[in-house]
Participant: 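Attaching a single structure in structure tokens format; questions to follow.
In the text below, chain A, chain B and the rest are named by the order of the sequence lines, each starting its count at 1. All values reported here derive from a predicted model rather than from experimental measurement.
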Number of protein chains: 2
Amino acid sequence: MARVPYREQMLQVRENAIVEVVNRLLATKGYDLMTVDEVAAEAGLAKASLYKHFTSKDELAGAAMVRVLELAIAHVNELLKAPDRTPVAQLQSVVRWTLQVQLAGEMPSLPAQNSKLSASLRANRKYMDRLFELSDKLGAWIEQAQKDGQVDPALPSELVLYTLFARACDPVLGMLKASGQYSDPQMIEWLVATTFRGLAPGLPS
Amino acid sequence: MARVPYREQMLQVRENAIVEVVNRLLATKGYDLMTVDEVAAEAGLAKASLYKHFTSKDELAGAAMVRVLELAIAHVNELLKAPDRTPVAQLQSVVRWTLQVQLAGEMPSLPAQNSKLSASLRANRKYMDRLFELSDKLGAWIEQAQKDGQVDPALPSELVLYTLFARACDPVLGMLKASGQYSDPQMIEWLVATTFRGLAPGLPS
DNA sequence: GTCTATAGCCAGATAGAC
DNA sequence: GTCTATCTGGCTATAGAC
């Protein structure tokens with residue numbers, strides 16, 4: 001164990017706190033309504049100090065995305081310790097986890113078509129690394145599930161991957177939640193069921 | 001036929017042109033990146049003149065949403081002329097239509113969680129009227145499809161409705177399109193198939 | 001109703017002292 | 001690295017002449 005200087009630890013702790021604030025604000029208000037002033041205020045430091053840690057608003061968003069990707073990867077790694085489960089069961093567990101994060105108000109949401117932010121994210125090496133890492137792990141399960149016939153082999157595996165990513169920010173959950181009529185587990189199971197039933201092979205006709 | 005004054009017709013034509021510009025810009029850049037200057041420039045009039053027609057940017061967005069809802073309702077009304085088709089076939093046709101609109105780059109996208117704009121839309125009577133009208137028509141088909149057992153009766157009908165609305169702006173289509181490997185009809189059929197297979201009843205087990 | 005010109009504001013980013 | 005104070009640009013919206 002290399003010894004980490006005390007000051008660096010403090011820095012890390014502070015930056016983590018900032019990123020958590022960003023994450024929550026992105027989840028509740030979205031990128032455009034989140035202001036840097038607000039982030040600074042909630043994190044308890046001046047805006048100029050914030051800019052010493054992160055050089056732009058884009059970078060703040062990127063850090064939050066990296067954080068959630070790392071959480072997802074950690075979850076996947078936990079699942080890999082139970083290799084007796086079927087690939088499709090593993091995938092379902094991942095989707096269930098993303099829905100729980102969404103219900104907890106902790107899933108950051110970025111504007112899908114904001115070209116400036118998208119470009120910034122694509123240029124963010126840490127973000128892209130994590131994204132590929134997660135995609136690879138999920139991709140392996142997807143292809144295995146297709147071989148097993150639990151996911152329709154006629155579908156391109158990337159379609160399946162995109163679908164799972166899309167469910168992580170699916171507005172349906174929020175709309176159901178807003179109606180206030182259903183329990184969290186009930187909603188999650190409906191969404192998991194409809195998602196994977198949709199990806200399953202059709203009846204051999 | 002009541003005679004409509006020439007000037008009013010011209011007004012109408014011009015406002016339609018404006019709304020189409022707004023629609024395209026909302027579809028390509030989204031609400032936040034769309035500027036009123038840009039709308040005015042592309043519509044070929046000065047910004048101040050634009051504000052004589054629409055009193056705010058919110059109202060512009062509202063008009064574009066009304067337009068697309070009216071197109072959807074018109075499509076549904078066409079389908080109602082073929083009452084021999086099953087309810088689920090009608091619903092599939094509607095989803096297929098929304099995906100085509102999306103592929104054509106004509107599906108306006110608003111920030112889901114922008115509270116200011118959401119509030120403005122909820123206060124927009126014309127928008128709310130159209131939204132309810134469309135929901136009612138789709139809801140009738142949904143409940144019939146559930147009685148017929150083509151859509152899972154165990155699912156709340158509003159979940160089905162929300163799912164269909166969500167597919168109209170599903171990012172999966174854009175991601176597939178970006179990969180450039182598949183034809184438009186192929187992508188649309190995959191999405192329609194996975195959506196409705198997901199909503200269908202499970203195997204009686 | 002159309003234009004030019006501008007007001008007013010807000011948010012991202014920075015200067016410079018400590 | 002932290003702060004206060006400020007700059008800057010771009011955006012919505014409006015004034016006022018025609």
Side-chain angles (χ1 to χ4, degrees), chain A residues 4-19 21-22 25-26 28-64 110-111 113-121 123-124, chain B residues 4-19 21-22 25-26 28-64 110-111 113-121 123-124:
Chain A
V4 179
Y6 177 74
R7 284 187 186 281
E8 274 189 30
Q9 285 186 37
M10 286 295 92
L11 187 81
Q12 201 58 46
V13 166
R14 185 147 218 192
E15 294 195 347
N16 286 345
I18 293 171
V19 173
V21 167
V22 171
L25 288 176
L26 283 182
T28 54
K29 325 183 66 169
Y31 181 79
D32 299 287
L33 267 69
M34 177 187 85
T35 69
V36 178
D37 289 89
E38 203 175 10
V39 174
E42 296 213 16
L45 78 174
K47 182 161 59 166
S49 309
L50 184 59
Y51 272 95
K52 298 283 183 180
H53 295 276
F54 301 90
T55 65
S56 72
K57 185 182 178 185
D58 288 358
E59 200 180 308
L60 280 175
L110 303 183
Q113 309 222 10
N114 181 329
S115 53
K116 191 157 157 275
L117 181 56
S118 306
S120 159
L121 276 182
N124 185 327
Chain B
V4 178
Y6 177 73
R7 284 185 185 280
E8 274 189 30
Q9 285 187 37
M10 284 294 93
L11 187 80
Q12 201 58 46
V13 165
R14 184 148 220 190
E15 294 197 347
N16 286 345
I18 293 170
V19 174
V21 167
V22 172
L25 288 176
L26 283 182
T28 54
K29 326 183 62 169
Y31 181 78
D32 298 287
L33 268 67
M34 176 187 85
T35 71
V36 179
D37 290 87
E38 202 175 10
V39 174
E42 296 213 15
L45 79 173
K47 183 161 57 166
S49 309
L50 184 59
Y51 272 96
K52 298 282 183 182
H53 294 275
F54 300 91
T55 65
S56 71
K57 185 182 177 182
D58 288 358
E59 201 179 309
L60 279 175
L110 303 182
Q113 309 222 10
N114 181 329
S115 54
K116 188 156 159 276
L117 181 57
S118 306
S120 160
L121 275 181
N124 185 328

Participant: Nearest to the side chain of B:Ala46, heavy atoms from C-beta on, is which of C:dT4, D:dT12, D:dT4?
Facilitator: C:dT4
Participant: Counting only side-chain heavy atoms from C-beta out, which of D:dT2, D:dA13, C:dA11 sits nearest to A:Arg14?
Facilitator: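 Nearest nucleotide to the side chain: D:dT2.
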Participant: Taking A:Phe54 as the fixed residue, which of A:Val19, A:Val22, A:Val36 is the one that meets the side chain to side chain contact (heavy atoms under 4.5 Å, CB included) rule?
Facilitator: A:Val19
Participant: Can you tell me how far P of D:dC11 sits from CG of B:Leu50, to the nearest Å?
Facilitator: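 Atom-to-atom, B:Leu50 to D:dC11, this comes out as 15 Å.
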Participant: Distance check needed: D:dT8 C1' versus A:Lys57 NZ, whole Å only.
Facilitator: 17 Å
Participant: Once rounded to the nearest 0.5 Å, what's the spacing between atom NE2 of A:His53 and atom CG of A:Leu11?
Facilitator: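 A:His53 atom NE2 to A:Leu11 atom CG measures 5.5 Å (nearest 0.5 Å).
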Participant: Check every atom of D:dA13, D:dT2, D:dG1 against the side chain of A:Ser49 and return the nucleotide holding the closest atom.
Facilitator: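 Taking heavy atoms from C-beta onward, the closest nucleotide is D:dT2.
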Participant: Rounded to the nearest angstrom, tell me the gap between atom OH in A:Tyr31 and atom P in C:dA11.
Facilitator: 13 Å
Participant: Looking at side-chain heavy atoms only, is the closest gap between B:Asp32 and B:Pro111 below 4.5 Å?
Facilitator: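 A side-chain contact under 4.5 Å exists here.
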Participant: When we call it a touch if two heavy atoms are under 4.0 Å apart, what does A:Met10 touch: a base, just sugar-phosphate, or nothing?
Facilitator: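 The answer is nothing, as A:Met10 stays clear of every strand by at least 4.0 Å.
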Participant: Let me spell it out: for each of A:Val36 and A:Lys52, pick the nucleotide of DNA chain C with the closest heavy atom. Which residue's pick is nearer the 5' end?
Facilitator: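 This one resolves to A:Val36.
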Participant: Please check: side-chain N/O of A:Lys116 versus main-chain N/O of A:Asp58, any donor-acceptor pairing under 3.5 Å?
Facilitator: no
Participant: Hey, does A:Thr55 reach any base, or is it just sugar-phosphate, or nothing, if we go heavy atoms under 4.0 Å?
Facilitator: nothing
Participant: Could you tell me the separation between the NZ atom of A:Lys116 and the P atom of D:dG9, rounded to a whole number of Å?
Facilitator: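 Going from NZ in A:Lys116 over to P in D:dG9 covers 15 Å.
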Participant: Let me know the distance between CG of B:Leu33 and C1' of D:dG9, rounded to the nearest Å.
Facilitator: 15 Å
Participant: Measuring from the side chain of A:His53 (C-beta onward, heavy atoms only), which nucleotide among D:dC3, D:dT2, D:dC11 has the closest atom?
Facilitator: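 Closest nucleotide among those given: D:dT2.
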Participant: How close or far is atom C1' of D:dT6 from atom OH of A:Tyr51, stated in whole angstroms?
Facilitator: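 In whole Å, D:dT6 C1' lies 14 Å from A:Tyr51 OH.
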Participant: Mind calculating the distance between CD (B:Glu59) and P (D:dA13) to the nearest angstrom?
Facilitator: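 Interatomic distance, CD of B:Glu59 to P of D:dA13: 10 Å.
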Participant: Using whole Å, report how far NZ of A:Lys47 lies from P of C:dG12.
Facilitator: 7 Å
Participant: Closest to the A:Ala48 side chain: C:dC3, C:dG1, C:dA15?
Facilitator: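 Looking only at heavy atoms from C-beta outward on A:Ala48, the closest nucleotide is C:dA15.
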Participant: I need the single residue from A:Leu26, A:Val39, A:Leu50 that forms a side chain to side chain contact (heavy atoms under 4.5 Å, CB included) with A:Val21. Which is it?
Facilitator: A:Val39
